[in-house]
2 protein chains.
Amino acid sequence: MQQFFQALGDNTRLRLLNLMGEQEVCVCYFVEILGGPQPKISRHLAYLRNAGIVSARREGKWMHYRIVMPPHIGAAQILRQTLDWLKEDRAMQADRARLTRACCSPAKYALDGAPLPAAVTESCCEAC
Amino acid sequence: MQQFFQALGDNTRLRLLNLMGEQEVCVCYFVEILGGPQPKISRHLAYLRNAGIVSARREGKWMHYRIVMPPHIGAAQILRQTLDWLKEDRAMQADRARLTRACCSPAKYALDGAPLPAAVTESCCEAC
DNA sequence: TGGATATATTCACCTGAGCGAATATGTTGC
DNA sequence: GCAACATATTCGCTCAGGTGAATATATCCA
């Protein structure tokens, strides 16, 4: 419980959770969008994984992370409301927008066969 | 937001919030029930006050603390559900029980004119 | 097999925060 | 004013945890 809230008590981790929302996201997009050094993101993802808040899935070279709802119903509701809260934040909205436009502003990974997040394959090139 | 979750990410502070629940509680009961040194409790109360989660009211020598619901509705719901979550925890239940029985197990302060928490004046001597 | 790429881990450093001990502040009653 | 009491703050210590730099691991492809 203490650990659960500590996991939410860091801005980088909140940004990661915000980007995942309901969908699975490849690490390369986290690196691209958050902009920081890759080991930093990897460490925070490990922290969240260790806290049981996200799970990882390997697909070739790429790793996908997604939120796993805690088995405890109260914790799950808190996590859901935290995600809703994040959606209201301007900076978090900007992060999400950048994820959605990932295919149209082809950065380092976009042209290289990196797996697109679901939101991109659905909505891209309409939003752009 | 980061600060909000950091405030919840400590077991002593969660115990304090659990004891406050919906009612106002005198510091002397926190000291009595948590058992630790008084400055420790005072520091954690200051932390919570600084984070805007509790407010203090002076009554003579005594200080009363109570939870203030955050103005943001999402944050308020998270706090409420956190309190509900705490109620399910065995150790937290034991803390609450000790607060309720405070008048019947007269410890250091109980005979000395210390203000009783609302739960005590309502339910005490029925529960004992 | 070897090189390129994506991700993870380790290391050294530094800051924030929890802690016990000591001390300060504020209130009451004599 | 002074003593007693409730609470708050400060100090020095220690440690968890965040960070950048370097390195390790894992996968793909030629």
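Residue numbering restarts at 1 for every chain, and letters A, B, ... go by the order of the sequence lines. Everything numeric in this text was worked out from a predicted model, so none of it was measured.
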Practice item. Evaluate the side-chain proximity of D89(B) to L14(B): yes if any heavy-atom separation is below 4.5 Å, no if none is. Key: no

Revision key, fill the gap. To the nearest angstrom, the CZ-P distance between F30(A) and dT7(C) comes to 10 Å

Exercise for review: Spell out, as yes or no, whether a donor-acceptor pair under 3.5 Å connects the side chain of Q6(B) to the backbone of G9(A).
Suggested key: yes

Check your understanding: What integer distance in Å separates I41(A):CD1 from dT9(C):P?
Key -> 15 Å

Review point. With R57(A), which residues qualify under salt bridge (Lys or Arg N to Asp or Glu O under 4.0 Å), at least two apart?
Key: E24(A), E59(A)

Exercise for review: State, yes or no, whether a side-chain contact exists between Y65(A) and R49(A) at a heavy-atom distance under 4.5 Å.
Suggested key: yes

Review point. Starting at CE of M63(A) and ending at C1' of dC28(D), how long is that distance when rounded to a whole Å?
Key: 16 Å

Give me the distances for all protein-to-nucleotides 24-29 of chain C N/O pairs that come in under 3.5 Å?
none

Practice item. Write down the distance between CG (L45(A)) and C1' (dT7(C)), rounded to a whole number of angstrom. Key: 10 Å

Exercise for review: In whole angstrom, give the distance that lies between atom CG of L16(A) and atom C1' of dT7(C).
Suggested key: 14 Å

Exercise for review: Using atom CG of N11(A) as one end and atom P of dG16(C) as the other, report the distance to the nearest whole Å.
Suggested key: 16 Å

Practice item. Tell me, please, which residues at least two apart from K87(B) pass salt bridge (Lys or Arg N to Asp or Glu O under 4.0 Å). Key: E22(B), D84(B)

Exercise for review: Side-chain contact test, heavy atoms from C-beta onward, threshold under 4.5 Å: evaluate it for I78(A) versus F4(A) and give yes or no.
Suggested key: yes

Write down the protein N/O and nucleotide N/O pairs, taken from nucleotides 17-23 of chain D, whose separation is under 3.5 Å; answer none if there are no such pairs.
unit_1: dG18(D); atom_1: OP1; unit_2: R13(A); atom_2: NH1; d: 3.3
unit_1: dG18(D); atom_1: OP1; unit_2: R13(A); atom_2: NH2; d: 2.9
unit_1: dG18(D); atom_1: OP2; unit_2: R13(A); atom_2: NH1; d: 3.4
unit_1: dT19(D); atom_1: OP1; unit_2: K40(A); atom_2: NZ; d: 3.3
unit_1: dT19(D); atom_1: OP2; unit_2: H44(A); atom_2: NE2; d: 2.6
unit_1: dG20(D); atom_1: N7; unit_2: R43(A); atom_2: NH2; d: 2.9
unit_1: dG20(D); atom_1: O6; unit_2: R43(A); atom_2: NH2; d: 3.4

Check your understanding: In whole angstrom, what separates L48(A)'s CG from dA8(C)'s P?
Key -> 12 Å

Check your understanding: Can you pull the ring pair (Phe, Tyr, Trp, His ring centres under 6.0 Å) pairs that have at least one residue in residues 32-54 of chain B, sequence neighbours excluded?
Key -> none

Check your understanding: Which residues satisfy the salt bridge (Lys or Arg N to Asp or Glu O under 4.0 Å) test with D95(A), sequence neighbours excluded?
Key -> R15(A), R98(A)

Point to revise | Nearest-neighbour nucleotide for the W62(B) side chain, dA6(D), dA8(C), dA8(D) considered | key: dA6(D)

Point to revise | Atom-pair distance (CG on N50(B); P on dA17(C)), nearest Å | key: 10 Å

Review point. Is there side-chain contact between L45(B) and M20(B), with at least one heavy-atom pair below 4.5 Å?
Key: yes

